[in-house]
Number of protein chains: 2
Amino acid sequence: MPLPQPDLPEPAHPTVDSMLSRKFGKEIANYFSGSPLNRVSFLRPDHTFLSQALNHPSTTFVLFNNLEPLVKGPSELAQRTFADVKAVVGEDPFHRSEEDQIAQYNSSLYQPQIIFLGLDERKEGFIYKEHYKGQPWFAVDVTPKESVKEAAEKLVAGLKSEGLDFSKGRMNLSLPADQAAIYAEARHLLDWNARNPYCASCGYKTLSVNAGFKRTCPPKDIAESVTNAGDRPPCATRTGISNLCFPRTDPTVIMAVVSADGQKILLGRQKRWPKYWYSTLAGFLEPAESVEEAVRREVWEESGIHLGRVVIHSTQPWPYPANLMIGAIGQAIPEGETIHLGHDAELEDAKWFTAGEVREALRVGTSGLGEDAGPEYKEGGLRLPPKTAIANQLMTAVVNGFASGTPMI
Amino acid sequence: MPLPQPDLPEPAHPTVDSMLSRKFGKEIANYFSGSPLNRVSFLRPDHTFLSQALNHPSTTFVLFNNLEPLVKGPSELAQRTFADVKAVVGEDPFHRSEEDQIAQYNSSLYQPQIIFLGLDERKEGFIYKEHYKGQPWFAVDVTPKESVKEAAEKLVAGLKSEGLDFSKGRMNLSLPADQAAIYAEARHLLDWNARNPYCASCGYKTLSVNAGFKRTCPPKDIAESVTNAGDRPPCATRTGISNLCFPRTDPTVIMAVVSADGQKILLGRQKRWPKYWYSTLAGFLEPAESVEEAVRREVWEESGIHLGRVVIHSTQPWPYPANLMIGAIGQAIPEGETIHLGHDAELEDAKWFTAGEVREALRVGTSGLGEDAGPEYKEGGLRLPPKTAIANQLMTAVVNGFASGTPMI
């Protein structure tokens, strides 16, 4: 049975369901979440599975060049076959077990990064050990470099002759939600692997295993075998499970702040943004903070506002490069509403807007950062981020309830 | 004005407040959150501030030896003065600006780690630039090693002669909530600094700056100046802001799973746990997952159960070594309640318990992992984690509502 998706029909038990919806509302599936793939994460160490999945005729490959995905225009990922990438990644990059890969590690050999993204269970085709079915998806880094430079250049030239190209920056990408989620997974993992070639514990080069979801610090390196029989010094990551070996995701808080009377919304702006553009405040959660504490700290540091109650609204994966945005709504305490920008110098301005101003701007003033606002927008009016940003969802939640005549949250 | 704490009195606006509490309940401040300190994070790069705070007579120092805090018995952190640690950290470790520290970087010199934890605004004393007041707190690593071995050994011996000692493992630590939060901040940051001495981008040694909240990869190293004028190769972390320079916190999901009819709770156990001990399922959030997706994936991978609705309950910082536990409650879909442990081999067992069994075990069967259950516990009954664990809070929330006659969430 496929994993349930956020857009599931209502559960069959109306009592329990209404209990949930009364108290928590519907789940908000923000852009970049809602992946159709089952990651079957426990199969990643199984090289027989990976090898069979890689070679199955139904399998789809998403290609990346310097972290930019191959697309058919701005709103569709190009889906390719193993035949396309074989000259770059080799006949069967998963022919050895991880144990053998580690034992035969050679830091001087370049292996293009491959990520196993998951199985699309909506499609028939591949079956493994009876339980695991669907269309396998892989991401492959085909950046022309190192030993695959020539093969990758040839591949890229061939793709261009078919009219395909790699996206030119995230502002030029507007994928539908399911493809955006797959792209986010691929980009986050390709970036993490590229950003972490060395072991932070011992300084030696690491090896990608688990189909792109782990980096391990091998105890030997054939490239160094002349000098030292290839033995490396001891490394703490080898004596137990270390988070350093696993992909990093940075929890971030982002919050719509309402005044104590629920009638106003605090927004801030950074200097580099277009004129009249504001958004919700945001920042990284720090070590040993709860989400509520991080929200209160960031809001006070950036705007001087003191929050009382804080509630979590929804979350959004954000693959630039590796964030989990945790969206919240916070309420100022009556004696803590005075704006003070002098603590942290991060914002150029912060301002209380009325719910009406924000509601109107959500209607006419939203766009991507590099785009123009809609046709009804009038110069001088408030501009806001688009629906794909959790900031927009948070402000929408507030104007649909918190600050209106009939409070909804 | 101090930052509001979770145990604030009720806000003065009953309408807005009742609106919030009706929909979201009260904020749950889990153990290790609820710090009394204002971190004033924006002052960390200001070495004049740090130097003054370090030297102020009101300032408190928490000492660590191999990540174990100095305590007065199991339930109180020992608070020491600068005079105690001066011989280990030096007269004024913050006498230089960060710019100068980086320019004069010498990888062969050992500098014990110091963390600026924040200001306790409940106490009078130190004042900086009019706005920032309170008792400064620092954590210092006094592990006897490298160039400070002798001085640190002498310090440790002196402390022991006063009857103080370093904690012997986390099972022997039961701090009150406010001290636990301060300890969690200190431990998380000391561990992160110790775990990441090398740059994952280029493999060279890094330097602690921002009073323990940042590690930077200097472009020159005096220790290498004989061979190469001290110049290091280019590093990607120097050309922009990189998450590698900042402390890592791993988002983790932990979830109480209820059956579709709300009457049963799913719990699992690991092989290494004591007999009869079960807890909620948990796992790391992966790249490009929303919290709800991570919860559904982990529950299916570990137990075979398919969840529909998932709601976030509360969060808990967990400093072993660097987690943010995101607690949720998930509800199985009616056709997805069959347990299957064969996907991921992580659990030894998973079982549906009645709400009554869990309620009784929360009353008589809770304890720390290494401890005995309470006096009313009968051999063979369900055992569960203590109140300081978010797992306990999630189960409590469920039996206080979800699975009872009068559903509360």
Side-chain angles (χ1 to χ4, degrees), chain A residues 1 3-4 8 11-13 16 19-20 23-24 27 30 32-33 39 41-42 181 184-185 188-189 195-196 198-203 243 247-251 260 262 285 287-293 296-297 300-301 306-309 311-312 315 317 319 322 324 333-334 336 343-344 407 409, chain B residues 1 3-4 8 11-13 16 19-20 23-24 27 30 32-33 39 41-42 181 184-185 188-189 195-196 198 200-203 243 247-251 260-262 285 287-293 296-297 300-301 306-309 311-312 315 317 319 322 324 333-334 336 343-344 407 409:
Chain A
M1 174 166 40
L3 281 179
L8 262 188
H13 291 253
V16 175
M19 196 195 323
L20 276 160
K23 279 288 176 185
F24 291 92
E27 174 174 335
N30 285 299
F32 290 132
S33 76
R39 299 180 178 210
S41 74
F42 46 90
E185 181 187 0
H188 187 144
L189 284 148
R195 194 181 284 264
N196 292 271
Y198 293 91
C199 177
S201 181
C202 73
N243 64 346
R248 173 173 174 151
T249 300
D250 295 307
L285 179 131
E289 283 183 325
S290 69
V291 168
E292 294 89 344
E293 287 177 298
R296 290 193 190 97
R297 180 184 51 73
W300 176 76
E301 290 186 350
H306 288 76
L307 296 185
R309 197 67 59 84
V311 292
I312 298 175
T315 61
L324 172 69
I333 57 175
H343 302 312
D344 197 345
I409 69 167
Chain B
M1 178 165 36
L3 280 179
L8 262 188
H13 291 252
V16 174
M19 197 196 320
L20 276 161
K23 279 291 177 183
F24 290 94
E27 173 173 337
N30 286 298
F32 291 131
S33 76
R39 301 183 177 208
S41 74
F42 47 90
E185 181 187 1
H188 187 144
L189 285 148
R195 195 181 283 265
N196 292 271
Y198 293 90
S201 181
C202 73
N243 63 346
R248 173 173 173 152
T249 300
D250 294 307
D261 66 1
L285 179 132
E289 283 184 324
S290 69
V291 168
E292 294 90 343
E293 288 178 298
R296 289 193 190 98
R297 179 184 52 72
W300 176 76
E301 290 186 350
H306 289 76
L307 296 186
R309 196 68 57 86
V311 291
I312 298 175
T315 61
L324 172 71
I333 57 175
H343 301 311
D344 198 344
I409 70 167

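A note on names: the letters A, B, ... follow the listed sequences, proteins ahead of strands, and every chain is numbered from 1. Keep in mind that this is a model prediction, so the values were computed, not measured.
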Peer 1: State, with a plain yes or no, whether a side-chain heavy atom of B:Glu289 is found less than 4.5 Å away from one of A:Pro317.
Peer 2: no
Peer 1: What residue, out of B:Pro319, B:Pro251, B:Ala184, B:Ala181, has the most heavy-atom pairs lying under 4.5 Å from chain A?
Peer 2: B:Pro251
Peer 1: For each of A:Ala288, A:Cys199, A:Pro287, tally heavy-atom pairs with chain B at distances under 4.5 Å, and name the one with the top tally.
Peer 2: A:Pro287
Peer 1: A:Ser201: which residues meet the side chain to side chain donor-acceptor pair (under 3.5 Å) condition with it, sequence neighbours left out?
Peer 2: none
Peer 1: Compare every heavy atom of A:Phe42 with every heavy atom of B:Glu301, then report the nearest pair and how far apart it is.
Peer 2: CG-CE2, 3.6 Å
Peer 1: Quick check: do A:Asp250 and B:Thr249 have side-chain heavy atoms less than 4.5 Å from each other?
Peer 2: no
Peer 1: Can you sort out the partners of A:Glu292 under salt bridge (Lys or Arg N to Asp or Glu O under 4.0 Å), two or more places apart, ordered by chain and number?
Peer 2: none
Peer 1: Identify which of B:Asn243, B:Leu189, B:Asn30, B:Asn196 forms the greatest number of heavy-atom pairs closer than 4.5 Å to chain A.
Peer 2: B:Asn243
Peer 1: Against chain A, label B:Pro247 side chain, backbone, both or neither, depending on which of its atoms sit under 4.5 Å from a heavy atom there.
Peer 2: both
Peer 1: If you take all heavy atoms of A:Thr315 and B:Val291, which pair is closest and at what distance?
Peer 2: OG1-N, 3.0 Å
